[in-house]
2 protein chains.
Amino acid sequence: MSVSDRKVQERAAREELILGHARGFLLRRGFQDWNMEQLAGAVNYAKGTLYLHFESKEDLCLAVATRALRERADLFERASRFTGRTRERIRAIGFACCEFACSHPDYFKVELMLKSASFWEKATETRRQAHQMEGARCFRLVHEIVKEGMRAGDLPHDRMTSESVAFALIAVTVGSHIMSLEPAMKLVAGIEDPIRTVRQNQDLMCDGLGWRPLLADWDYSATDARLRREIFSTATWCDPVTIAG
Amino acid sequence: MSVSDRKVQERAAREELILGHARGFLLRRGFQDWNMEQLAGAVNYAKGTLYLHFESKEDLCLAVATRALRERADLFERASRFTGRTRERIRAIGFACCEFACSHPDYFKVELMLKSASFWEKATETRRQAHQMEGARCFRLVHEIVKEGMRAGDLPHDRMTSESVAFALIAVTVGSHIMSLEPAMKLVAGIEDPIRTVRQNQDLMCDGLGWRPLLADWDYSATDARLRREIFSTATWCDPVTIAG
DNA sequence: CCCCACTATTGACCATTGGTCAATAGTGGA
DNA sequence: TCCACTATTGACCAATGGTCAATAGTGGGG
């Protein structure tokens with residue numbers, strides 16, 4: 001058993017090594033600007049060995065993306081342990097999302113790549129499911145807080161379903177992130193601090209949903225300070241200032 | 001001159017033919033699932049001839065996308081001629097955007113493709129600029145109405161810059177469209193009518209921005225009816241019901 | 001009407017690269 | 001030490017984006 005065990009472990013370690021290097025390639029150079037030969041060279045294995053772990057280049061990249069998405073879901077989970085009014089708690093998720101975006105600056109670019117059908121099709125069923133599972137985990141964590149907000153009476157429950165509310169929050173966040181990474185948009189719209197813009201838009205959407213206490217009725221900078229202290233003491237980015245007024 | 005004129009015209013006609021077929025390929029099969037040989041066959045020209053018009057496959061696809069984006073900007077322009085309160089007018093743009101999304105169901109998928117760096121790099125500078133110009137046109141049309149809303153006092157002008165407001169509206173729209181075309185999300189969030197969801201989210205964002213008259217204070221279904229009558233009498237989709245309450 | 005110079009078009013060819021698999025090196029138990 | 005089995009390799013294949021020398025087509029001038 002010991003020999004077999006060691007082999008399993010070695011295999012896992014090698015997979016980790018490959019994924020790590022692939023992540024570097026993917027984030028720094030996109031999908032096209034490197035090939036499997038180069039990756040094989042980088043990890044000091046032959047090309048064929050890579051294919052013992054991954055069925056295709058797409059499969060490998062999906063695995064990289066799923067790993068990142070899992071980290072994201074983990075951050076969401078940490079954030080959802082934050083205590084306070086429900087709107088403070090959904091804010092924690094927004095914070096977590098931005099924390100993630102900062103430590104994985106090019107993640108959304110990779111995520112966009114996955115949306116292309118041909119890409120998705122070339123990946124293993126197992127890996128597709130794994131990715132969807134992590135995505136669903138993120139959704140569920142948001143959805144739970146939305147439902148609690150409705151139960152608590154902070155959020156109107158007669159206008160929209162809780163799922164639609166969760167969807168709206170996710171849409172505004174993803175949209176803001178994606179539009180932020182467009183250099184042209186930064187220029188045209190004069191966005192200096194993309195992350196701040198994302199959080200601002202999340203706040204606006206929460207206000208639009210009527211999620212109390214509204215931005216004007218609560219000191220959310222205090223919430224952020226507490227959040228940073230209690231949950232994200234290791235956060236890597238500066239507190240964005242909330243909308244004036 | 002007549003001979004030369006004819007040649008120019010023939011060349012333009014052929015480019016049109018190629019773009020038309022490429023559009024079909026791109027929307028129906030994505031970027032990978034067809035090759036230049038097949039496209040050449042479809043238009044009854046040799047592969048080399050395609051390269052007399054376009055520098056690369058990416059260049060060709062960017063041209064297709066830009067053509068669609070131009071239609072989108074044209075619709076925005078038509079929408080911005082709508083009269084009424086400024087929030088009604090921004091609603092017209094939202095309507096135009098959805099009208100466009102309905103007639104080009106896979107446009108956003110193609111647009112996503114363009115965000116990959118390697119794609120963008122392989123296209124001609126001219127075509128890149130053309131695409132950015134149409135994008136900027138869309139932004140400008142939104143921005144104009146935002147500025148007018150601030151001038152008219154319908155939209156607070158002391159909280160955010162007009163650019164940030166335009167950005168927020170675009171982000172929520174793009175994000176909603178993109179998330180809508182994810183089949184998993186439809187399942188998890190129970191989205192039946194994606195377009196309705198997009199408009200709903202636009203409404204929520206406008207409310208969040210404090211753009212008066214708020215959803216609850218105005219009969220926007222009447223606005224939609226007028227919009228449909230006066231501007232988009234040829235619209236292809238059903239009026240979405242606004243949020244209850 | 002023919003001819004020639006010039007242009008337009010072609011498709012065989014090339015280079016790159018994702019993916020395969022027969023050959024080889026390595027390993028551990030007898 | 002040897003053998004049977006596994007792990008690893010990299011030469012090879014097929015697909016495809018892109019090129020360019022060869023060929024077909026064209027129109028003006030004689």
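Below, chain A is the first sequence line, B the second, and so on; all start at residue 1.
- A salt bridge links B:R67 with B:E16; the closest basic N to acidic carboxylate O contact falls under 4.0 Å.
- Look at CG on B:L60: it is 13 Å from C1' on D:dG18, rounded to the nearest Å.
- A salt bridge links A:D203 with A:R91: the distance from a Lys NZ or Arg NE/NH1/NH2 to an Asp or Glu carboxylate oxygen falls below 4.0 Å.
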Nucleotides 5-11 of chain C: protein proximity per nucleotide (B base, S sugar-phosphate only, - neither; heavy atom, under 4.0 Å): ----BBB
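- To the nearest 0.5 Å, atom CD of residue B:E55 and atom OG1 of residue B:T126 are 8.5 Å apart.
- Between the OH atom of A:Y51 and the P atom of C:dC21 there is a distance of 13 Å, given to the nearest Å.
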What side-chain donor-acceptor pairs closer than 3.5 Å can you find for residues 172-185 of chain B, not counting sequence neighbours?
unit_1, atom_1, unit_2, atom_2, d
B:T173, OG1, B:L169, O, 2.8
B:T173, OG1, B:Q202, NE2, 3.1
B:S176, OG, B:V172, O, 2.6
B:S176, OG, B:N201, ND2, 3.0
B:S180, OG, B:S176, O, 2.7
B:E182, OE1, A:K115, NZ, 2.7

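- Distance B:K122 NZ to D:dT16 P: 15 Å, rounded to the nearest Å.
- Inspection of the B:E111 and B:H131 side chains reveals an N or O donor paired with an N or O acceptor under 3.5 Å.
- Across all strands shown, C:dC21 pairs with D:dG10; the Watson-Crick or G-U wobble distances both stay below 3.5 Å.
- The distance from atom NZ of B:K57 to atom C1' of D:dA15 is 11 Å, rounded to the nearest whole Å.
- Residues from residues 22-33 of chain B with heavy atoms under 4.0 angstrom of DNA chain C: there are none.
- Among B:F100, B:F82, B:F95, B:F76, the one residue that satisfies the ring pair (Phe, Tyr, Trp, His ring centres under 6.0 Å) test with B:F232 is B:F95.
- To the nearest angstrom, C1' of C:dG18 lies 16 Å from CZ of A:F54.
- Straight-line distance from the CG atom of B:N35 to the C1' atom of C:dG18: 15 Å, rounded to whole Å.
- In this structure, B:E125 places its CD atom where more than 12 heavy-atom neighbours from other residues, nucleotides or ligands lie under 6.0 Å away.
- Between A:D74 and A:R137 there is a salt bridge, since at least one side-chain N of the basic residue sits less than 4.0 Å from a carboxylate O of the acidic one.
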